[in-house]
Amino acid sequence: MSNSTIESVLQEQRVFEPSPAFSQAAQIPSMAVYQKLYDEAAADPAAFWAKLAEQELDWFEKWDTVLDWQPPFAKWFVGGKINISYNCLDRHLTTARRNKAALIWEGEPGDSRTLTYAQLHREVCQMANVLKGMGVKKGDRVGLYMPMIPEAAVAMLACARIGAAHTVVFGGFSAEALRDRLNDAEAKVVITADGGFRKDKAMGLKPAVDAALDDNAVPSVTNVLVVQRTQQEIDWTTGRDVWWHEAQPTVSADCPAEPMDSEDLLFILYTSGTTGKPKGVVHTTAGYNLYTHMTFQWTFDIKETDVYWCTADVGWITGHSYIVYGPLSNGATSLMYEGAPRPSNPGCTWDIVEKHGVNIFYTAPTAIRAFMKMGDELPKARDLSSLRLLGTVGEPINPKAWMWYREIIGGNNCPIVDTWWQTETGGFMLTPLPGATPTKPGSATKPFPGILADVVDAEGNPVGTNEGGYLVIKHPWPSMMRTVYGDDDRFRRTYWEHIPPKDGKYLYFAGDGARKDADGYFWVMGRTDDVLNVSGHRLGTMEIESALVSHPSVAEAAVVGRKDELKGEDVYAFVTLEGTYTASDELKAELKQHVVKEIGAIARPGEIQFTDALPKTRSGKIIRRFLRNLASGEEVVGDATTMEDQSVLEKLRQGN
Ligand code: PRX
C-alpha cells in the first residue's frame with residue numbers, strides 16, 4: 001500500500017464512542033463485556049461456540065465433537081444433525097414471529113411485496129417439492145441465476161431444505177461465466193427468471209441461461225425452473241423448462257426439512273483468485289448457520305421490531321449471509337431491493353428507508369461515494385430518523401465517505417459498523433460491536449469474539465505496531481470455507497501455505513494487507529495479490545487477461561487496477577496485438593465488449609492501452625508494479641535495471 005493511502009487513512013484522527021443510550025439498550029453494551037467474551041472465546045474457542053450452538057440453534061441431533069481440526073481441514077459440530085432452512089423458518093412458526101414480516105421486497109418499478117415467516121415457509125416448501133419432482137436429491141447441486149426478487153431467497157432456502165447445495169451465480173455474469181460455474185458444480189437444475197429490472201430497464205436472464213446450456217454444453221442440467229418477473233418474450237425448451245407459477249399450485253405445501261449432517265455441503269459460491277479459473281468456495285451447514293447467526297445478532301444488535309436492509313445482491317456472499325441466512329435465522333425482517341438507484345429516481349434509496357422505517361442499513365463504500373456525489377439534498381429531503389445503525393462492507397472505506405455516511409445519513413446519531421470479511425470467511429471477522437466499540441473512520445476495529453486475527457510478515461512473525469503486513473487468522477472458526485470445490489490441493493496452496501506453517505501451526509492468509517495500531521485496531525489496506533476490487537466486486541486480473549487473449553486480435557494482455565474515485569479501483573488493460581491487427585478505437589470498444597461477453601459487465605475494462613511490448617524481467621515475467629504506476633499516472637517507482645528492454649517503459653510512458 002502506498003504512503004499516500006496510509007496518510008489519507010491517518011488524516012481522520014477522531015474516535016467516535018457509541019452514545020450512552022445506544023449502549024444501554026445494546027446486547028453487547030460495553031468494551032468490558034466484549035473483552036470478557038473475547039477472552040473467554042480465545043481461551044477455549046470450542047467451548048465458546050458449543051455453548052452458543054446449544055443456546056441459539058435448533059438441532060435434530062446434538063454433535064459428538066465440537067471441532068475436528070486436521071490442518072487445514074476443519075469440521076465443526078461433528079455428528080450433529082441440523083437444517084438451516086428449519087432454523088430460518090420452521091422454528092419461528094410456533095412463536096409470535098409466525099406472522100411477522102420475514103422479507104419485505106421492493107421491486108424496481110415500484111411494486112412491493114411482504115412475505116411473513118408463515119408465507120415464506122409455505123413458498124419454500126412448495127419450491128422444495130417442485131425441485132424434488134425434478135429429481136433433485138440430497139447432495140445434488142442446483143444453480144441459481146436470479147434477479148433480486150423474493151424467489152431468490154425462496155430458492156436458496158428450498159435447496160437447503162432438501163439438502164441440495166445451491167450455487168448462486170450473480171445475474172450480471174455472462175452466459176460463458178454461468179456455463180463454467182454450472183459445469184464445475186455439475187448442477188442438475190437451474191433456477192432463473194425471465195428477467196429482472198435494473199435502472200429502469202428490464203434485463204434478460206433466461207436468454208443467458210439458454211446460451212449457457214446451448215448444445216448440451218452443461219450435460220448435468222436436466223431442468224430449468226423459470227420465475228416470471230418481467231414478462232419478456234423468451235425462448236422455451238419443452239421438457240426442460242418449467243414455469244414456477246405453473247408448477248407451484250400443483251405441489252403440496254408440506255415438505256419437512258431434511259436432517260443434514262453438520263458438515264454436509266450447504267452451498268458453493270464462486271469467487272475470483274489469482275489464477276484464471278474462479279474458485280468454488282465450499283460452505284457447510286452447521287458452522288455457517290451458527291456463525292452468520294451470531295455475527296448478525298451482535299454486530300447489528302438486532303431488535304425484534306427492527307427493519308434491516310442490506311443493499312447487496314444475493315449473488316454475492318453478503319447476500320447469502322446477511323440478506324438471507326443470518327437475518328432469517330434470527331427471525332428478523334430483511335428488506336430486499338431489486339435494483340440500484342435509478343435515473344428516474346435517484347432518491348429511491350432514501351424513499352425506501354422512509355417508507356419502511358428502516359432501522360439498520362448496510363451497504364458498500366462504493367455506494368456511499370455514489371450517494372455523496374448525488375448530493376446531500378436527496379437524503380436531506382427524506383425522513384431518515386428511523387435509522388439507528390449503519391454498516392459498510394466490501395473495501396476499505398475512505399474516512400471522508402465514512403464521515404459523510406455518519407453525518408448526512410446517520411444524522412450523527414448512528415454507530416457505523418465497518419465489517420471486514422470475505423466469501424471464504426462466511427461471516428464478519430473484524431467488526432465493531434456497535435454498543436461497545438469506539439469507532440475510528442476507516443478501521444474495521446477489532447476481531448469478533450472467537451476470531452484470533454493478527455498482522456504478520458512473510459514468515460508468519462507478528463509485525464510491530466503500525467507496521468504493514470499480512471492479515472491472518474490463527475484459529476479455525478465455524479463458518480470458514482472448508483475447501484475449494486473439488487480441489488483440496490488448491491485450497492491448501494492458496495490459503496494456508498502462502499505463509500509457511502510453522503511447528504504444525506497453520507495461518508489462514510486472507511489476501512489482504514493490514515496494520516494494527518497502538519489500540520489494537522486493524523486497518524485493512526486492500527489486496528496484496530492480483531485481485532482487483534471494483535465497486536466492491538472481486539475480480540482476478542488473470543481472469544480478465546484470459547478473456548482478452550481469447551480474442552483473435554490479442555497477443556498478450558496485462559491487467560492492473562487503477563485508482564478510481566467512485567469504484568475504488570477500475571480495470572486497466574495493456575494489450576499487444578497480433579501482427580495483422582492495428583490499434584483503433586473500434587478495436588478498443590470491441591475488446592471491452594468481448595470481456596463483457598466472456599465474464600460480464602462488472603469486468604469491463606475502463607481503459608485499454610495498446611502497446612508494442614509489455615515491460616518484462618529478463619526471465620520473462622511481466623513487471624506489474626510498473627504497469628500499476630503507469631495506469632494511475634504515477635511516477636514509475638522501483639528498480640528498472642532488471643528489465644529486459646528499458647525502451648519499453650519509455651514507450652509506454654508516451655502512451656504506446
Ligand atoms: O479485500 C477485502 C475486501 O473484500 C475482499 C473480499 O471480497 P469478497 O470475497 O467478494 O467479499 C466481499 C464481502 C464480504 C477482502 O479480501 N473487503 C471486504 N470488506 C472490507 C474489505 N476491505 C476493507 N474493509 C472492509 N470492511
Side-chain angles (χ1 to χ4, degrees), residues 18-19 21-30 33-34 37 52-53 55-58 84 87-89 91-93 95-105 114-117 120 153 157 288-312 317-337 352-353 356-363 384-393 409-410 413-419 421 426-429 431-437 439 445 448-450 478-479:
S19 71
F22 192 101
S23 293
Q24 267 158 29
Q27 296 189 42
I28 313 293
S30 67
V33 174
Y34 161 80
L37 283 168
L52 292 170
Q55 262 173 32
E56 297 287 327
L57 300 182
D58 283 22
I84 196 168
N87 273 298
C88 287
L89 300 168
R91 64 174 175 156
H92 305 311
L93 301 185
T95 72
R97 288 177 182 152
R98 184 182 173 82
N99 296 323
K100 172 179 173 175
L103 293 178
I104 297 176
W105 174 72
T114 298
L115 286 170
T116 63
Y117 273 92
L120 181 61
L157 291 160
Y288 177 84
N289 191 353
L290 178 65
Y291 197 76
T292 52
H293 179 94
M294 288 320 306
T295 45
F296 180 80
Q297 189 180 114
W298 286 350
T299 301
F300 289 124
D301 185 43
I302 194 75
K303 307 275 190 269
E304 195 58 50
T305 54
D306 276 337
V307 174
Y308 158 85
W309 180 14
C310 164
T311 66
I317 191 69
T318 310
H320 284 58
S321 300
Y322 299 112
I323 292 178
V324 180
Y325 291 118
L328 299 180
S329 182
N330 279 282
T333 297
S334 182
L335 193 148
M336 253 178 120
Y337 176 51
I352 294 172
V353 170
H356 293 287
V358 171
N359 306 105
I360 304 169
F361 181 70
Y362 186 41
T363 195
L384 305 183
S385 59
S386 58
L387 290 171
R388 63 178 195 86
L389 178 57
L390 302 173
T392 157
V393 60
I409 305 306
N413 196 33
C414 303
I416 296 179
V417 288
D418 177 356
T419 59
W421 59 298
F428 307 149
M429 304 301 279
T431 177
L433 297 180
T437 318
T439 50
T445 75
F448 195 80
S479 67

Next item on the list: Would you please classify the geometry between the F300 ring and the Y308 ring as parallel, tilted or perpendicular, with 30° and 60° separating the classes?
Entry: tilted
Next item on the list: Could you tell me which non-hydrogen atom of G319 sits nearest to which non-hydrogen atom of A312, and how far apart they are?
Entry: N-CB, 4.1 Å
Check: Taking the side chain as C-beta and beyond, is there a heavy-atom pair between T116 and R98 under 4.5 Å?
Finding: no
Checklist line | pair L89-L120: side-chain heavy atoms closer than 4.5 Å | finding: yes
Check: Heavy-atom distance under 4.5 Å between the side chains of V417 and T431, does that happen here?
Finding: yes
Check: Under the side chain to side chain donor-acceptor pair (under 3.5 Å) criterion, do S321 and T292 qualify, and how do the steps go?
Finding: CA-CA 6 Å; S321 300; T292 52; 5.7 Å; no
Margin query: For W421 and T318: C-alpha separation, side-chain torsions, deciding distance, then whether side chain to side chain contact (heavy atoms under 4.5 Å, CB included) applies.
Written below: CA-CA 9 Å; W421 59 298; T318 310; 3.6 Å; yes
Check: Counting N and O atoms only, with roles assigned by atom type, does the side chain of K100 sit under 3.5 Å from a partner on the main chain of H92, one being a donor and the other an acceptor?
Finding: no
Next item on the list: Verify side chain to side chain contact (heavy atoms under 4.5 Å, CB included) between F296 and I302, making sure each step is shown before the conclusion.
Entry: CA-CA 7 Å; F296 180 80; I302 194 75; 3.8 Å; yes
Next item on the list: Quick one: pull up OG1 in T299 and CD1 in I28 and give me the separation to the nearest 0.5 Å.
Entry: 9.0 Å
Next item on the list: Report yes if the side chains of H356 and T333 come closer than 4.5 Å at any heavy-atom pair, otherwise no.
Entry: no
Next item on the list: Hey, could you give me the OG/CG distance between S329 and D58, rounded to the nearest 0.5 Å?
Entry: 9.0 Å
Note to self: How close do D301 and A26 get, counting heavy atoms only, and between which atoms?
What the structure shows: OD1-CA, 3.4 Å
Checklist line | Spacing of CZ belonging to F428 relative to CE belonging to M294, to within rounding of 0.5 Å | finding: 12.5 Å
Item checked: Distance-only donor-acceptor check, side chains Y322 and S334, under 3.5 Å -> no
Item checked: Point-to-point distance, once rounded to the nearest 0.5 Å, from OH of Y362 to CD1 of I323 -> 10.5 Å
Check: Is there a donor-acceptor contact under 3.5 Å from the side chain of T114 to the main chain of I104?
Finding: no
Item checked: Heavy-atom pair of closest approach, residues P18 and P434 -> CB-O, 3.2 Å
Check: Do L389 and N359 come within less than 4.5 Å of each other through their side chains, counting heavy atoms only?
Finding: no
Notebook entry, point to check: Which pair of heavy atoms, one from G357 and one from S386, lies closest together, and at what distance?
Noted result: C-OG, 3.3 Å
Margin query: Quick check for you: to the nearest 0.5 Å, what is the distance between I409 atom CD1 and C414 atom SG?
Written below: 9.5 Å
Notebook entry, point to check: If we only count heavy atoms from C-beta on, is the F448 to L433 side-chain gap below 4.5 Å?
Noted result: yes
Check: Atom CZ of R97 and atom OH of Y117: how far apart are they, to the nearest 0.5 Å?
Finding: 7.0 Å
Check: Taking all non-hydrogen atoms of both residues, which atom of Y288 and which atom of H320 are closest, and how far apart?
Finding: OH-C, 3.4 Å
Next item on the list: Heavy atoms only: give me the nearest S23-G435 pair and the separation to one decimal.
Entry: OG-O, 2.7 Å
Next item on the list: Report the C-alpha distance between T363 and W309 in whole Å, list the side-chain angles of each, state the deciding distance to 0.1 Å, and finish with yes or no for side chain to side chain contact (heavy atoms under 4.5 Å, CB included).
Entry: CA-CA 9 Å; T363 195; W309 180 14; over 6 Å; no
Note to self: Check whether E56 reaches the backbone of L290 with its side chain - one donor and one acceptor, N or O, closer than 3.5 Å.
What the structure shows: no
Check: Considering only heavy atoms from C-beta outward, does the side chain of R91 approach that of L57 to under 4.5 Å?
Finding: yes
Notebook entry, point to check: Is any side-chain heavy atom of Y325 less than 4.5 Å from a side-chain heavy atom of N87?
Noted result: no
Note to self: Between L52 and H293, does the side chain to side chain contact (heavy atoms under 4.5 Å, CB included) criterion hold? Intermediate values first, please.
What the structure shows: CA-CA 10 Å; L52 292 170; H293 179 94; over 6 Å; no
